> 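Got a structure here, written out as structure tokens. Questions coming.
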Amino acid sequence: MRVRFAPAPTGFLHVGGTRTALFNWLFARHHGATFVLRIEDTDRDRSREEWVDGIQATLRWLGLDWDEGPYRQGDRIPQYLDAADRLIASGDAYESWLTEAELDAEREAAKAHGGVPRFYERSTAVGRGDAGDERTRSLWFRTPTTGTAEFDDVVRGRVTVPWDTIADFMIVRSSGQPVFYLANAVDDAEMNITHVIRGEDLLDSTHRVLALRAALGHPGAPTYAHLPLLVGHDRAKLSKRHGAVAVEDFRDAGYLPEALVNYLSLLGFPAPAAGSEVRPLAEIIADFDLARVNHSAAFFDHDKLDWMNGEYLRALPVPELVERAGDWCRAAAARGDGATAAVDPSSPEFAALLAVAQKRLVTLAEVPAFLAHHFCDESSFAIADESWDVLAATERVDEVLDTVIAHLETCEWTVEAISLQPVIVALGLKPRAVMGALYAAVEGRHSGLPLFDAIHALGRERTLGRLRAARARLG
RNA sequence: GCCCCCAUCGUCCAGCGGCCUAGGACACCGCCCUUUCAAGGCGGCGACGGGGGUUCGAAUCCCCUUGGGGGUGCCA
């Protein structure tokens, strides 16, 4: 069996396309099939080489490795044009020298009659036009006018459409470049693709591709499976205007590829009957079955992705978390992220603080904020305004600071010995009531990393310096 | 306009004629734990769009309707 993922390099790989790639990949890995990557760059004007590279880089980042390709349709133009010639010869297609305005006029006329445009008659009548006309040649497939177009879809069942509702369609542009339908039909046949797994937005095009394939004389047809679309808040097909949908943006935003893959595997496919939705790839592969794919569109829920990413982050062994967070920080710094540049991923404190930050992380992008109080110059250390307000509003805060300072001046420097509850309780106060003030004084914000670990990593002098500064500011 | 697809909690899924006073997950709310915040534990809120059938019995089958989406491009 052979499947293919066939993106057009007209933009970054977005989550919708990624889900399609993932389901093809899952199918291939489940059945031991061959996964082919094919770049559909027949539209020269919109295709860009950087996207061809970007798509591959993103697939690699996700771990969706392909077995063949990437094939480039741009390299196979002669095959498509040859196919077009055969269609002209057999009478299944015709050439047209109609201008775009004339084509539009035909469309208008057809619409007025409640029908669908056919350009053959008019094309024949006009021919190449008069000498001096600025006409160009395009090739069109002549669709049947009677009967029904039908095929069996693994997820939708039998799909039937009357041929008289399907207009003639272009197969070669006036620029001489073949159109998607033709290239798609030729490639799926010549590459021996057995299963076409793609988005539902391509459902209606299947009839045209199948008609081309039949007219070209390719026996049989692949099994089709049209996946439910991924939609945004407005339930419309997911696109750029729905915010961050470029997968490379998710990488930069600190998401783990395995979390994104796991999350995507849940959209349009039943969650495991028993056990967690968070599960190893091997299990997702083993469980995959085209016949169980859902029918209705799925909303891409960032909240659930966040939760999933947190689950994966928490499950990471600390050394691996340190390594991956370090990689992320270096990449962010390289992108020019100033807040991250100060963080030193190779320092022992980075690892120590990350270990206590782990349960609090939703994405790797939050690492710098949690660690900022540690990796800053004392001269640039500042307490956030709202956190200072919390500190200032704390009951007997001056007394608390004095006591804590005294304790930290002499205590043994271990996380256990630093523990501040005893001294607070000794003052007759509840730790809950004053802890916020201490977080603010030491970490610059009233909520953050566990205080005693933060203090331990910070060291005695820096900690005392901050506490004394806060005490002094109180007056 | 025409054609096609779809329809269970706010969201993602379970359900494939009786086990459903509809189950799980995310989100949300509350409680517990607690060094703030998280994490974790426990609990709560919350859905079969509507109308006809079929059947002893429909979330599950059929029809209509409504709603949503997709297609109808010299995009794929």
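From a predicted model like this one, the values you see are computed outputs, not experimental measurements. Protein chains get the first letters and strands the later ones, always in sequence-line order, with residue 1 at the start of each.
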> Could you check whether Trp307(A) and the base of C26(B) form a stacked pair, meaning centres closer than 5.5 Å and planes differing by less than 30°?
no

> In whole Å, measure the gap between the C1' atoms of U55(B) and C63(B) for me.
16 Å

> Regarding Ser205(A), tell me which of base, sugar-phosphate or nothing describes its non-hydrogen contacts under 4.0 Å with the strands shown.
nothing

> With a 4.0 Å cut-off on heavy atoms, is Thr165(A) in touch with a base, just the backbone sugar-phosphate, or nothing at all?
sugar-phosphate

> Taking any heavy-atom pair under 4.0 Å as a contact, classify Ala8(A): base, sugar-phosphate, or nothing.
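Sugar-phosphate, backbone atoms only, no base.
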
> Using OP1 and OP2 only, check whether a side-chain N or O of Arg208(A) sits under 4.0 Å from G73(B).
no

> Between C26(B) and C9(B), how many Å separate the two C1' atoms, rounded to a whole number?
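Those two atoms are separated by 12 Å.
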
> What is the distance from CG of Asp301(A) to C1' of C9(B), rounded to the nearest Å?
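So the two atoms are 14 Å apart, to the nearest Å.
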
> Indicate, with a heavy-atom threshold strictly under 4.0 Å, whether Glu277(A) touches base, sugar-phosphate, or nothing.
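Contact class for Glu277(A): base.
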
> Any heavy-atom pair between the side chains of His374(A) and Arg462(A) that's under 4.5 Å?
yes

> Under 4.0 angstrom, heavy atoms only, what part of the nucleic acid is Asn294(A) near: base, sugar-phosphate, or nothing?
sugar-phosphate

> Can a side chain N or O of Arg173(A) be found less than 4.0 Å away from OP1 or OP2 on C75(B)?
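Yes, because at least one side-chain N or O of Arg173(A) sits under 4.0 Å from OP1 or OP2 of C75(B).
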
> So what does Pro7(A) touch, heavy atoms closer than 4.0 Å: a base, only the sugar-phosphate, or nothing?
nothing

> Answer yes or no: side-chain N or O of Ser174(A) and base N or O of C74(B) forming a donor-acceptor pair under 3.5 Å.
yes

> With rounding to whole Å, what would you report as the distance between A38(B) and U65(B) at their C1' atoms?
50 Å

> Are Arg235(A) and C12(B) close enough that a side-chain N or O sits under 4.0 Å from OP1 or OP2?
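The answer is yes; a side-chain N or O of Arg235(A) sits under 4.0 Å from OP1 or OP2.
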
> Considering every strand and a 4.0 Å limit on heavy-atom distances, what is the contact class for Thr160(A): base, sugar-phosphate, or nothing?
sugar-phosphate

> Using a 4.0 Å heavy-atom cut-off, does Pro270(A) contact any base of the nucleic acid, only the sugar-phosphate backbone, or nothing at all?
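Pro270(A): backbone/sugar contact only, no base atoms under 4.0 Å.
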
> Whether Arg107(A) contacts C74(B) is assessed here as follows: a side-chain N or O lying under 4.0 Å from the phosphate OP1 or OP2. Is that the case?
yes

> So, Asp301(A) versus Tyr263(A): side-chain donor-acceptor pair below 3.5 Å or not?
no

> For U34(B), give its Watson-Crick or G-U wobble partner with both distances under 3.5 Å, or none.
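Its partner is none (no Watson-Crick or G-U wobble pair with both distances under 3.5 Å).
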
> What nucleic acid atoms does His446(A) come within less than 4.0 Å of, heavy atoms only: base, sugar-phosphate, or nothing?
base

> Picking from C4(B), A7(B), C75(B), which would you name as closest to the side chain of Ser296(A)?
A7(B)

> So does Arg432(A) get a side-chain nitrogen or oxygen closer than 4.0 Å to the phosphate oxygens (OP1/OP2) of U36(B)?
yes

> Taking the side chain as C-beta and beyond, is there a heavy-atom pair between Asp92(A) and Phe141(A) under 4.5 Å?
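Yes, side chains in contact.
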
> Does G18(B) have a Watson-Crick or wobble partner in any strand here, with both distances under 3.5 angstrom, and which is it?
C56(B)

> Just checking Leu449(A): base, sugar-phosphate only, or nothing, at a heavy-atom cut-off of under 4.0 Å?
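The answer is base, as Leu449(A) lies within the cut-off (heavy atoms under 4.0 Å) of a base atom.
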
> Who does A47(B) pair with, Watson-Crick or G-U, both distances under 3.5 Å?
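A47(B) is paired with nothing.
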
> Scan Phe299(A) against the nucleic acid and name what it touches under 4.0 Å (heavy atoms): base, sugar-phosphate only, or nothing.
sugar-phosphate

> Would the distance check show the side chain of Arg466(A) and the main-chain N or O of Val442(A) forming a donor-acceptor pair, the cut-off being under 3.5 Å?
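Side chain of Arg466(A) to backbone of Val442(A), a donor-acceptor pair under 3.5 Å: yes, one is there.
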
> Atom CG of Leu229(A) to atom P of U11(B): distance rounded to whole Å?
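The answer, rounded to whole Å, is 17 Å.
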
> Any N or O donor-acceptor pair under 3.5 Å from the base of G70(B) to the side chain of Asp204(A)?
yes

> Which atoms form the tightest heavy-atom contact between Leu238(A) and His14(A), and what is the distance?
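Between these two residues, the closest heavy atoms are O-CE1, 3.9 Å.
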
> For nucleotides C19(B) and U60(B), find the distance between their P atoms and express it as a whole number of Å.
13 Å

> Taking only the P atom of each, what is the distance from C62(B) to G67(B) in whole angstrom?
22 Å

> Pick base, sugar-phosphate or nothing for Glu100(A), based on heavy-atom distances below 4.0 Å to the nucleic acid.
base

> Watson-Crick or G-U wobble partner for A7(B), using a 3.5 Å limit on both distances?
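Across any shown strand, A7(B) pairs with U66(B).
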
> Select base, sugar-phosphate, or nothing to describe what Tyr181(A) touches, counting heavy atoms under 4.0 Å on all strands.
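Base, at least one base heavy atom under 4.0 Å.
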
> Is a donor-acceptor pair below 3.5 Å formed from side chain Arg360(A) to base U36(B), judging by atom type as modelled?
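Such a pair exists between side chain and base.
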
> Determine whether Val247(A) and Tyr255(A) make a side-chain contact, defined as any pair of heavy atoms from C-beta on separated by less than 4.5 Å.
no

> Answer with yes or no whether the side chains of Thr206(A) and Arg198(A) bring together a donor and an acceptor at under 3.5 Å.
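Yes, Thr206(A) and Arg198(A) have a side-chain donor paired with an acceptor closer than 3.5 Å.
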
> Between His456(A) (NE2) and U35(B) (C1'), how many Å, whole number?
16 Å

> When rounded to the nearest Å, what value does the distance between P atoms of A25(B) and C45(B) take?
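My reading of the P atoms in A25(B) and C45(B) gives 15 Å.
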
> Given atom CG of Leu202(A) and atom C1' of C75(B), what is their separation to the nearest angstrom?
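Taking atom C1' of C75(B) as the reference, CG of Leu202(A) is at 11 Å.
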
> Does Gly268(A) reach a base, just sugar-phosphate, or nothing at all? Heavy atoms under 4.0 Å.
sugar-phosphate

> Provide, to the nearest angstrom, the distance between the CG atom belonging to Leu391(A) and the C1' atom belonging to U35(B).
16 Å

> Can you tell me how far P in C28(B) sits from the matching atom in A39(B), rounded to whole Å?
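After rounding to an integer number of Å, I get 9 Å for this pair.
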
> Once you apply the 3.5 Å cut-off to both distances, tell me the Watson-Crick or G-U wobble partner of C2(B), or none.
G71(B)

> Between Ser276(A) and A25(B), is there a contact of a side-chain N or O with OP1 or OP2 at under 4.0 Å?
no

> Taking the side chain as everything from C-beta on, heavy atoms only, tell me whether Asn184(A) gets closer than 4.5 Å to Arg38(A).
yes

> When you get a sec, tell me which of A39(B), C13(B), A76(B) is the closest nucleotide to the side chain of Glu40(A)?
A76(B)

> Say we look at A59(B) and C20(B): how far apart would their C1' atoms be, to the nearest angstrom?
9 Å

> Within the structure, does a side-chain N or O atom of Lys430(A) lie under 4.0 Å from either OP1 or OP2 of U35(B)?
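No, outside the criterion.
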
> Please report the closest heavy-atom contact between Leu216(A) and Ala83(A), naming both atoms and the distance.
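Looks like CD1-O, 3.6 Å.
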
